[in-house]
Structure formats: C-alpha cells, structure tokens
Amino acid sequence: LSAGLAHEIRNPLAAIKIFVQLLPRKISTPVFLDKFQVTVPRELNRINDLIESLLELARPPKLEFKMTSLPDCLTQVVDLYRDKLDAGNIILKIDADGRLPKLWADREHLLRAFSNLIINATEAMPTGGTLEVSARAEEDGVLIQFADTGVGIDEVTRENIFNPFFSTKDTGTGLGLAMTHKIVEEHNGDIDVVSTPGAGTTFSLRLPGIQE
Ligand code: ADP
Ligand code: MG
C-alpha cells in the first residue's frame with residue numbers, strides 16, 4: 001500500500017517541481033504561464049484528493065446508521081450525475097422494485113459507494129453507452145446493480161480492482177472501489193463484479209434489509 005501511495009504522490013510532486021524550477025526563467029513567457037496555471041493547481045488538487053481519500057480509507061468506522069430508503073438514495077445519487085451522464089451520451093435507466101425493504105445504513109457513506117460506481121461506469125464509456133441502475137428485493141435484503149456497456153474488465157485486472165491504488169487510468173487514484181468495498185462491508189453487505197471485455201460490466205451489491 002505505501003509503495004502505491006509514494007508513487008501516487010511523487011508523480012504530481014515531480015510535475016510541480018519542474019514548473020516551479022522553470023518559473024524564474026520563464027516568468028515572462030505567456031505559453032509557459034498558461035501551462036503553469038493549469039498544471040500546478042491540477043496536480044495540487046490531485047494530491048489533495050488523494051489525501052482526502054486516504055483519510056477516508058483510514059478513518060475508524062464511525063458510521064451513523066439510520067433507517068434509510070434505498071430508492072431515495074438512488075434518486076439522490078443519480079440526480080447528482082444526470083448532467084454529466086447526459087453530456088457523455090450515456091443513457092440512464094433506473095429500475096427499482098416497488099416494494100424494497102428499508103436499509104439500516106449510513107446514507108452519506110452509501111451515497112459515496114454508489115457515486116464511485118457511477119463515476120467508474122462513466123469513465124468506462126468515453127463515447128457513450130447505457131448505465132442501468134436496478135434494485136430488487138431478495139430473501140434477506142436487496143440486490144442493487146450498476147450495469148454499464150463500457151470497455152469491460154479483463155481477468156487479470158479483475159483480480160486487483162478492489163486493491164487500494166490499483167488503477168488502469170492515467171490519472172486514477174485507484175481508491176474508488178477500495179472505498180466502495182469498505183463501505184459495503186461496513187453495512188454487512190457484499191459486492192461482486194461480472195464483466196465481459198468490450199461489452200460491459202455489472203457491479204452487484206447485496207445489502208441486508210430491515211424486516212418490517
Ligand atoms: P480509478 O477509477 O481511480 O482507476 P477505482 O478503484 O475506482 O480506481 O477502479 C479501479 C480500476 O477498476 C479502474 O482503474 C478500472 O480499471 C477498473 N474498473 C472499475 N470500474 C470499472 C467499470 N465500470 N468498467 C471497466 N473497468 C472498471
Ligand atoms: Mg474510480
């Protein structure tokens with residue numbers, strides 16, 4: 001874990017260092033200044049995001065569990081990303097069972113877990129596609145699925161996706177799925193993935209429901 005972390009922090013630091021070193025010589029070069037203003041804040045943000053995610057992963061599990069409506073959570077999270085999905089030519093389908101049990105959940109954390117899956121699905125469909133979010137009641141709880149028609153995940157990659165800092169993306173932190181996995185476990189649930197490279201990926205979450 002620390003090797004991955006060192007690597008993730010060193011890359012943006014190296015970029016910042018180069019720009020800062022060049023600054024005295026190039027201070028009156030407009031092209032350089034433009035690049036400076038784009039790159040340095042971006043790389044600083046990267047380090048900042050990384051630290052926030054790390055703190056999140058390292059935080060002791062202090063969740064605030066309440067009776068939580070799953071359809072409300074799904075509506076809220078999907079509304080957050082609707083514009084982004086539209087802009088990316090991604091068709092969103094939602095299919096939620098009429099009668100879903102309530103969940104004993106920390107709403108904020110659950111939203112974060114769902115968000116990570118939606119963001120990944122979006123990134124897996126750079127030229128558009130379909131994202132289907134579904135929820136249905138199962139024997140002791142609910143099955144929630146996020147199915148995309150994106151690039152898919154090959155078997156070797158599949159082995160690593162839940163590991164912190166594992167990413168196949170140039171600017172990925174590799175912390176999204178590690179965090180989602182942790183949150184699902186804290187809710188006594190489990191998460192699974194089925195994927196066909198070139199065709200798409202489905203993440204399935206099972207969470208226990210409250211018996212009424
Ligand atoms: P990041 O998104 O920063 O790369 P994540 O932990 O969110 O980190 O995901 C880890 C890796 O899992 C991604 O780099 C990608 O290779 C793979 N992955 C996750 N979700 C999907 C998806 N929906 N489709 C294809 N690959 C995915
Ligand atoms: Mg991600």
Side-chain angles (χ1 to χ4, degrees), residues 1-13 15 42-59 74 77-78 80-82 84-85 87-95 108-135 143-187 189-206:
L1 197 141
S2 40
L5 176 61
H7 180 77
E8 285 300 323
I9 293 181
R10 260 198 206 121
N11 283 345
L13 275 182
R42 186 190 63 211
E43 296 303 302
L44 285 172
N45 279 337
R46 235 172 107 181
I47 297 176
N48 206 34
D49 288 351
L50 189 71
I51 289 172
E52 256 171 45
S53 307
L54 253 186
L55 288 174
E56 176 63 31
L57 266 178
R59 119 195 104 72
L74 290 175
V77 77
V78 153
L80 281 176
Y81 291 100
R82 209 176 282 276
K84 205 179 168 207
L85 294 169
N89 287 319
I90 295 169
I91 297 164
L92 177 67
K93 294 184 183 166
I94 303 175
D95 175 18
E108 292 306 314
H109 287 79
L110 215 51
L111 289 175
R112 201 164 311 149
F114 296 160
S115 293
N116 289 334
L117 297 176
I118 294 177
I119 293 167
N120 282 342
T122 312
E123 290 168 350
M125 298 186 283
T127 57
T130 303
L131 171 62
E132 188 165 356
V133 180
S134 65
L143 170 66
I144 310 158
Q145 289 183 309
F146 296 80
D148 67 54
T149 57
V151 294
I153 306 172
D154 64 50
E155 244 169 78
V156 181
T157 304
R158 159 80 190 79
E159 302 282 300
N160 295 301
I161 54 171
F162 292 108
N163 293 338
F165 302 114
F166 176 84
S167 177
T168 56
K169 300 167 193 169
D170 287 344
T171 56
T173 61
L175 291 171
L177 285 181
M179 196 181 296
T180 296
H181 186 262
K182 181 177 175 189
I183 293 168
V184 169
E185 290 213 316
E186 284 167 351
H187 285 79
D190 57 59
I191 179 167
D192 208 351
V193 60
V194 173
S195 184
T196 309
T201 304
T202 300
F203 281 89
S204 299
L205 280 63
R206 287 189 170 75

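Remember, it's 1-based here, ligands and their atoms both numbered in the order they're listed.
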Seminar exercise, completed: atom 6 (O) of ligand 1 sits nearest the protein heavy atom L177 N, 2.8 Å

Problem set entry | Salt bridge flag under 4.0 Å for residues R158 and E155 | no

For this session: Consider ligand 1: state whether an atom of it lies below 4.0 angstrom from any non-hydrogen atom of G174.
Result: yes

Exercise. Of the backbone atoms (N, CA, C, O) and the side-chain heavy atoms from C-beta on, which set of A124 has a member under 4.0 Å from an atom of ligand 1: side chain, backbone, both, or neither?
Worked result: side chain

Exercise. Which of the atoms of ligand 1 are close to F203, meaning less than 4.0 Å from one of its heavy atoms?
Worked result: 20 (N), 23 (N)

Seminar exercise, completed: One finds that the ligand 1 atoms under 4.0 Å from a non-hydrogen atom of G172 are 3 (O)

Problem set entry | N or O pair under 3.5 Å between K169 and ligand 1 | yes

Exercise. Among all protein non-hydrogen atoms, which one is nearest to atom 4 (O) of ligand 1, and what is the separation to 0.1 Å?
Worked result: S167 OG, 2.6 Å

Exercise. Just by modelled atom types, is the T157 backbone N or O under 3.5 Å from a matching donor or acceptor in the D154 side chain?
Worked result: yes

Exercise. Going by heavy atoms in the side chains, are F165 and L50 under 4.5 Å from each other?
Worked result: yes

For this session: Using non-hydrogen atoms of the residue, decide whether T173 is closer than 4.0 angstrom to ligand 1.
Result: yes

Exercise. Which atoms form the tightest heavy-atom contact between G152 and T201, and what is the distance?
Worked result: CA-OG1, 3.4 Å

For this session: May I ask you to check whether N116 brings an N, O or S atom to under 2.8 Å from the Mg ion (ligand 2)?
Result: no

Exercise. Looking only at heavy atoms, which two atoms of V184 and I191 are closest? And how far apart?
Worked result: CG1-N, 4.1 Å

For this session: Would you mind checking which non-hydrogen protein atom is closest to atom 16 (O) of ligand 1, with the distance to 0.1 Å?
Result: T168 OG1, 2.5 Å

Problem set entry | Numbering as shown, the atoms of ligand 1 that approach G176 to under 4.0 Å (heavy-atom distance) | 5 (P), 6 (O), 7 (O)

Exercise. Considering only protein heavy atoms, which is closest to atom 23 (N) of ligand 1, and at what distance to one decimal place?
Worked result: D148 OD2, 2.8 Å

Exercise. Counting N and O atoms only, with roles assigned by atom type, does the side chain of T130 sit under 3.5 Å from a partner on the main chain of T149, one being a donor and the other an acceptor?
Worked result: no

For this session: Please write down residue, atom name and distance for the protein heavy atom closest to atom 20 (N) of ligand 1.
Result: N120 CB, 3.3 Å

Exercise. What do we get for T201 next to ligand 1 when only non-hydrogen atoms under 4.0 Å count, side chain, backbone, both or neither?
Worked result: side chain

Exercise. For the residue pair G150 and M125, what are the closest heavy atoms and their distance?
Worked result: CA-CG, 3.4 Å

Problem set entry | NZ/K93: more than 12 non-hydrogen atoms of other groups inside 6.0 Å | no

Problem set entry | Identity and separation of the nearest protein heavy atom to atom 10 (C) of ligand 1 | F166 O, 3.4 Å

Exercise. So how far is it from E8 CD to L175 CG, rounded to the nearest 0.5 Å?
Worked result: 7.5 Å

Problem set entry | CZ-CG distance between F146 and L205, expressed to the nearest 0.5 angstrom | 6.5 Å

Problem set entry | Heavy atom of the protein closest to atom 26 (N) of ligand 1 (residue, atom name, distance) | I153 CG1, 3.3 Å

For this session: Hey, could you give me the OG1/CD1 distance between T122 and I90, rounded to the nearest 0.5 Å?
Result: 4.5 Å

For this session: Quick one: look up the protein heavy atom nearest atom 12 (O) of ligand 1 and list residue, atom name and how far away it is.
Result: I161 CG2, 3.1 Å

Seminar exercise, completed: The answer for which part of I119 has a heavy atom under 4.0 Å from ligand 1 is neither

